[in-house]
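All values below were derived from every heavy atom in this structure, side-chain atoms included, with hydrogens, water molecules and symmetry-related copies excluded. In what follows, residues are counted from 1 in the order of the sequence shown.
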Amino acid sequence: MASGDSKHTIVLAQFTQNKNTRTYIDYENLNLALDGICQLYEQKLKLMNPHLKNITYDIAELFNYIDALGDLSCLVFSPSQNAYVPHNKEWIKTRVFEHLKKLAQS
């Protein structure tokens, strides 16, 4: 595991433009957070398609979901700064792509 992958991560999500949909999800490391973001989309797909046993999607659909969220950001702990560093949707999409690519290659 790369050093950045072992850092505690908090995902901040707002599912619609309504601020009442804000929530956070706490993860032990960045890889789990990236998996969790994918799982948020998969849960939405399951709710929209309850009759399907298997749901598939491509990276473009996942990115469209991320872009459509009211807000999505990650706070990744930086031991050198002893603080959480914020990251936006574009950073998340880059990391999700890299993460899924690694999973597909293993």
Query raised in the report: Can you tell me how far CG of Leu62 sits from CD1 of Ile66, rounded to the nearest 0.5 angstrom?
Result: 4.5 Å
Report task. Report yes or no: do Leu32 and Ile92 belong to one cluster of Ile/Leu/Val/Met/Phe/Trp/Tyr joined by side chain heavy-atom distances under 4.5 Å? Result -> yes
Requested in this report: Work out which heavy atom in His87 is nearest to a heavy atom in Val76; give both atom names and the distance.
Outcome: CD2-CG2, 3.7 Å
Query raised in the report: With hydrophobic residues grouped by side-chain heavy-atom distances under 4.5 Å, do Val11 and Phe63 end up in a single group?
Result: yes
Report task. Sort and list the pairs that fulfil salt bridge (charged side-chain N to carboxylate O under 4.0 Å, His left out) and have at least one residue in residues 60-75, not counting sequence neighbours. Result -> Asp67-Lys93
Report task. Quick one: pull up CD in Gln14 and OG1 in Thr23 and give me the separation to the nearest 0.5 Å. Result -> 11.0 Å
Query raised in the report: Is there a donor-acceptor pair under 3.5 Å between the side chain of Thr9 and the backbone N or O of Lys7?
Result: yes
Query raised in the report: Does one hydrophobic cluster hold both Tyr41 and Leu72, with members joined at side-chain heavy-atom distances below 4.5 Å?
Result: yes
Query raised in the report: Less than 4.5 Å apart, any side-chain heavy atom of Leu12 and any of Arg22?
Result: no
Query raised in the report: If you look at every heavy atom in Cys74 and Trp91, which pair is closest and at what distance?
Result: CB-CZ3, 4.2 Å
Query raised in the report: With a 4.5 Å limit on heavy-atom distance, are the side chains of Cys38 and Tyr57 in contact?
Result: yes
Query raised in the report: Can you check whether Glu98 reaches Arg95 side chain to side chain, under 4.5 Å on heavy atoms?
Result: yes
Requested in this report: Report yes or no: do Val85 and Leu75 belong to one cluster of Ile/Leu/Val/Met/Phe/Trp/Tyr joined by side chain heavy-atom distances under 4.5 Å?
Outcome: no
**Report entry** For Phe97, ring-ring contact (aromatic ring centres under 6.0 Å, His included) partners two or more places apart
**Finding:** none
Report task. Return the set of residues passing ring-ring contact (aromatic ring centres under 6.0 Å, His included) with Phe15 (not counting sequence neighbours), or none when no residue passes. Result -> none
Query - N/O donor-acceptor pair under 3.5 Å between Thr21 side chain and Gln17 backbone - result: no
Requested in this report: Kindly work out whether a path of hydrophobic side-chain contacts (I/L/V/M/F/W/Y, heavy atoms less than 4.5 Å apart) joins Ile10 to Ile25.
Outcome: no
Query raised in the report: Is there side-chain contact between Ile55 and Glu42, with heavy atoms separated by less than 4.5 Å?
Result: no
Report summary line: Here the gap from Leu45 atom CG to Gln43 atom CD, rounded to the nearest 0.5 Å, amounts to 10.0 Å
Query - Side-chain touch Leu40/Leu69, heavy atoms, less than 4.5 angstrom - result: no
